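Here is the structure we will look at.
On a predicted model such as this, the values are computed, not experimentally measured, just so you know. Atoms considered below: every heavy atom in the structure, side chains included; atoms not considered: hydrogens, waters and symmetry mates.
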Amino acid sequence: MSGVLRDRVPIWAERGFGAVCWHLARALAMAGGILLIGIVVMTVISVFGRFFLNAPIPGDYEITELACGVAVFAFFPYCYMRNANIVVEFFTGRIHQRYRAVLDTVHGCVFAAVAALIAWRLLVGGVHKFEDSETTLFLGIPIWLGYFSALPGAVLLATVCVWGFFFRLRALGQ
C-alpha cells in the first residue's frame, strides 16, 4: 500500500538541489491540501450554521478567498515538478521527439520568466498592501498576509522552473 501512495521522483530531482526542491514542493503541496481541507470544513460549518441556526461564520467568504489564493500557489511547484501541467498537444502530438524536447525547453524558459515575474509582483504587491494597511471588509484581516503567504510558493515555482530549464537544456546537448 505504501508504494501506491509514494510519488515517483522526477529524474532531475533525484539528488542535490533538485531533491531539496522536490521535498519542499511536496511539503508545500501537503500544506496547501490541509489548508483546502480546512476551508471545506469551515464552509460546511458556515452553511450548516446559516441554514439551521441562522448564524454563519462571520467573514467566511474573506477567509476562503485569501486561503484559496495561498493554496493555489502552494500547489504550483509540485505540479510543475510532476510535469502535471495541462498541455494541449493538438499541434505537437505528432512532431519528432527531439523537436518536442526543444519546445519543452523553450516552454521551461518562458515558464521560469513568468513564474519569476509573478513572484516579484507578489512581493511588490504585498509591500504596497502592507504600507497601505489595507484589510478585508468584515474581519479586518490584513491583505498583505495573503500576498506574503503565497510568495513562498511563487518563489519555489520560479526556482524549480529555472532548475528544470537548465536540466532540459543540458539534456538537449547530450
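- Shortest non-hydrogen contact noted between G32 and A74 is CA-CB, 3.9 Å.
- Taking CG of L122 as the start and CG of L117 as the end, the distance is 10.0 Å to the nearest 0.5 Å.
- Across every non-hydrogen atom of R168 and N83, the tightest pair is NH2-OD1, 4.2 Å.
- In this structure, the separation between CD1 on I57 and CD1 on I63 is 7.0 Å, given to the nearest 0.5 Å.
- Within 6.0 Å of OH in Y61 there are 12 or fewer heavy atoms belonging to other residues, nucleotides or ligands.
- In plain terms, the two heavy atoms of L123 and F148 that are nearest each other are CD1-CE2, 3.9 Å.
- Linking Ile, Leu, Val, Met, Phe, Trp and Tyr whenever their side-chain heavy atoms come within less than 4.5 Å puts W22 and F17 in one cluster.
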* To do: Check the pair L66 / L145 against side chain to side chain contact (heavy atoms under 4.5 Å, CB included), numbers first and verdict last.
  => CA-CA 8 Å; L66 288 171; L145 283 174; 6.0 Å; no

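- Two different hydrophobic clusters hold V44 and M42 under the rule that ILVMFWY side chains link at heavy-atom gaps under 4.5 Å.
- The CZ atom of R100 sits 14.0 Å away from atom NE2 of H107, with the distance rounded to the nearest 0.5 Å.
- Other residues, nucleotides and ligands contribute over 12 non-hydrogen atoms within 6.0 Å of the CZ atom of F167.
- The heavy-atom pair separating P77 from L157 by the smallest distance is CG-N, 3.7 Å.
- In this structure, the ring of F76 has its center less than 6.0 angstrom from the ring center of F73.
- We find the CG-CD1 distance between D60 and I39 to be 11.0 Å, quoted to the nearest 0.5 Å.
- For the atom pair CG (L35) and CG (L28), the distance works out to 10.5 Å, reported to the nearest 0.5 Å.
- Transitive grouping of hydrophobic side chains (ILVMFWY, heavy atoms separated by less than 4.5 Å) keeps Y80 and V162 in distinct clusters.
- Hydrophobic clustering places I118 together with I143 (ILVMFWY residues linked when any side-chain heavy atoms are closer than 4.5 Å, directly or through intermediates).
- No continuous path of ILVMFWY side-chain contacts below 4.5 Å connects M30 to L24, so the two sit in separate hydrophobic clusters.
- Residues M81 and C21 have side chains in contact (heavy-atom distance under 4.5 Å, counting atoms from C-beta outward).
- Here the shortest heavy-atom pairing between H96 and R98 reads ND1-N, 3.0 Å.
- Of all the heavy atoms in V70 and S149, the pair that sits closest is CG2-CB, 3.6 Å.
- Atom CD of E62 is separated from atom OG1 of T135 by 8.0 Å, given to the nearest 0.5 angstrom.
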